[in-house]
Structures are given as structure tokens and as C-alpha cells.
Amino acid sequence: MLTRALGRTPHYVVAAGLAVIFLFPLVWNAWASVSAQPGTAQESGYGLGNYRTLLDYDAGLWRYLGNSALVSVLTVALTLGVSLLGGYAFARFEFPGKNLLFLLTLAILMVPYATLLIPLYVLLGRLHLQNSLLGLSLVLAMFQLPFATFMMRISFEAVPRELEESALVDGCGTAGALRRVMLPAVRPGLITVGLFAFLAAWNDFVAPLILISDSQKAPLPLAVANLRQQSMARRRLRRHRGRRGGPRRALPPPLPAAPTALRTGLHVGRAQGLRRPPDRPYRRGGRTDREPTTT
């Protein structure tokens with residue numbers, strides 16, 4: 001018994017070290033959220049000021065959590081439904097252009113994510129789904145479908161055809177065989193696809209930023225980013241107010257404003273004329289004289 005325990009000690013040490021490495025960022029974030037930070041709701045000591053600010057921000061934390069949960073659930077449901085049927089069709093049926101269609105589906109993964117959002121925004125506008133959680137869920141599910149269809153196809157192909165043929169011989173139709181035999185067999189693939197879709201929908205920031213303009217419908221990542229931006233703006237404002245009593249430096253205008261400032265100066269100089277100081281000598285007739293004075 002003792003020898004077996006000593007033999008497992010290196011495994012326990014490695015597992016404990018990995019646990020510490022993975023848990024350290026979570027502990028650090030938890031400690032930073034309750035510690036004093038300038039420009040935040042918790043500027044002195046330790047407390048829950050940041051959490052109270054988040055709870056009371058705009059529509060409230062629970063509203064944003066509900067929006068994120070609804071978008072994630074809809075994305076998972078759409079992704080699982082379409083990828084299940086698509087993967088089963090690609091794995092079990094033969095039809096012209098099957099491989100080409102599958103390659104075109106996977107080719108969506110090679111298109112940059114941000115480049116598709118503007119065309120999808122225009123398309124959602126024509127469908128009257130702009131600024132809606134359903135439209136956002138459709139977009140997020142569309143981006144998950146290539147990977148999900150690939151996963152479900154290889155999951156169905158790993159199931160022996162004899163199981164499905166036995167169900168068909170026993171009197172099940174295609175839908176019955178899919179529901180009674182194939183679904184339990186590909187359950188690990190379904191769980192994997194659902195987890196990936198849920199995490200992608202819950203953490204996505206770019207799509208809600210472009211597709212959602214109503215703060216009441218914003219998911220949690222977008223609301224937290226807006227709150228952080230406002231906190232940083234307040235911090236910069238306080239720093240600016242603190243430096244008002246110090247010396248001021250004359251700064252040149254920024255580069256985009258330089259042509260405007262130059263044209264303004266030329267117009268002012270043209271309107272006022274070029275004036276010399278009264279005591280400045282000027283040349284006339286090859287000799288330097290003083291400017292005549294009038295009485």
C-alpha cells in the first residue's frame with residue numbers, strides 16, 4: 001500500500017502544480033475585483049463596490065445575463081439542429097456534389113470573421129432582424145455550422161452501418177433509426193458541438209458590437225466593455241482635472257487639423273494686412289530712412 005502511494009506521488013505533484021497554474025488567473029481576478037483601483041468604484045480599501053456598480057449599470061446585470069443566456073441557448077439549438085441533420089446527410093446519403101458542397105461548407109472557416117459581418121448586417125436589415133437577439137443568434141450559429149457539421153459527419157461515420165440497418169429491418173424508418181439508434185451513438189459529438197457553440201456565443205464581442213445598437217439588448221461582454229470604457233473615461237477626466245493647476249504647455253495642432261489652422265491664419269493675415277512696427281526702418285530710394293510721421 002505504501003509503495004503504491006509513493007508511486008503515485010509524482011502524479012499528484014504534477015496534478016497539483018497544473019491546478020495551481022490554472023487557478024492562479026481566477027484567484028488573481030477575484031482579488032483584483034475587490035481591491036482598490038483608481039478610477040473605479042472601489043478606490044480605497046477592499047470591498048464590493050465594483051460588483052455593486054456592475055449590478056446597477058444601465059439596465060442591470062441580470063438583464064445582460066439574460067440576454068447572453070438567451071443568445072447562447074438559441075445559438076446552441078440552431079447549431080445542433082442544423083449540424084445534426086447535415087452531418088447525418090453527408091455521412092449516410094449519396095447525392096451529386098456531396099463532397100463539393102461539404103468543401104464549400106468548410107471554406108467558410110477560411111473567410112475572415114469580421115469581413116462577413118457587414119454583409120450580414122445588411123441582410124438582417126432586409127429581413128427586419130437588425131438589433132434583435134434572434135438575428136444575432138442566427139449569425140453566431142452560422143459561424144459555428146462548418147465546424148459543427150464536420151464534427152457530426154465524422155461522428156456518424158464512426159457508427160457501424162449495421163446498427164442502422166438492423167433498425168431499418170426491425171421496422172424503423174429513417175427518422176426512427178436516427179432518433180432511436182444514431183442519436184445515442186453520437187451523443188459525445190453532440191455534447192462537444194454544444195459546448196463549443198455555447199462558449200463561442202457567450203464570449204463573442206465583435207458580432208454584438210456591430211449588430212446590436214440598443215443597450216437594453218446588449219449581451220454581457222458588450223455591457224462590461226461599455227462599463228469599462230466609461231470607467232477609463234472618468235479616470236482620464238480626473239487626471240485632467242488634477243493637472244489643471246500645473247503649468248500648461250503650448251501643443252501644436254494635430255496633423256489632421258493643421259491645414260485648417262494654416263488656412264485660418266492666412267485668412268486672418270489677409271484681412272488685417274501686413275503691418276510693420278512704427279519704429280522699424282524701411283528702404284526707399286536706395287537708402288534707409290525712418291517712416292515719416294504725420295502731424
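Residue indices begin at 1 and follow the sequence shown.
- By the side-chain contact (heavy atoms from CB on, under 4.5 Å) test, F156 pairs with L84, Y88, A91, M152, L178, M182, V186, sequence neighbours left out.
- A donor-acceptor pair under 3.5 Å links the side-chain atoms of T115 to the main chain of P112, judged by distance alone.
- The backbone N or O of L65 lies less than 3.5 Å from no partner atom in the side chain of S68, so there is not a single donor-acceptor pair.
- Clustering ILVMFWY residues whenever any of their side-chain heavy atoms sit less than 4.5 angstrom apart, transitively, puts L136 in the very cluster that holds I210.
- No donor-acceptor pair under 3.5 Å is formed between the side chain of E164 and the backbone N or O of V181.
- Judged as a side-chain hydrogen bond (donor to acceptor under 3.5 Å, both in side chains), and not counting sequence neighbours, the contacts of S215 are D58.
- For R153, the salt bridge (charged side-chain N to carboxylate O under 4.0 Å, His left out) criterion is met by E157, not counting sequence neighbours.
- Criterion: ILVMFWY side-chain heavy atoms under 4.5 Å apart, direct or through other members. Under it, L129 and V73 are not part of a common hydrophobic cluster.
- When only modelled atom types and interatomic distance are considered, Y113 and D204 share a side-chain donor-acceptor pair under 3.5 Å.
- Remark: L70 engages L74, L133 in a side-chain contact (heavy atoms from CB on, under 4.5 Å) (not counting sequence neighbours).
- The aromatic rings of F198 and W202 lie parallel to each other, with less than 30° between the two planes, well short of the 60° mark.
- Of the possible polar contacts, none joining the S72 side chain to the A69 backbone as a donor-acceptor pair under 3.5 Å is found.
- Judged by distance alone, the side chain of T75 and the main-chain N or O of A197 form no donor-acceptor pair under 3.5 Å.
- Cluster membership check: V206 shares its hydrophobic cluster with L124, using side-chain heavy-atom separations under 4.5 Å among Ile, Leu, Val, Met, Phe, Trp and Tyr.
- Considering only residues two or more places apart in sequence or on other chains, N67 meets the side-chain hydrogen bond (donor to acceptor under 3.5 Å, both in side chains) condition with none of them.
- Residues forming a side-chain contact (heavy atoms from CB on, under 4.5 Å) with F95 (at least two apart in sequence, or on another chain): F90, F93, K98, L101.
- A single hydrophobic cluster is seen to contain both F196 and L190, as judged by linkage of ILVMFWY side chains at heavy-atom distances under 4.5 Å, directly or through other members.
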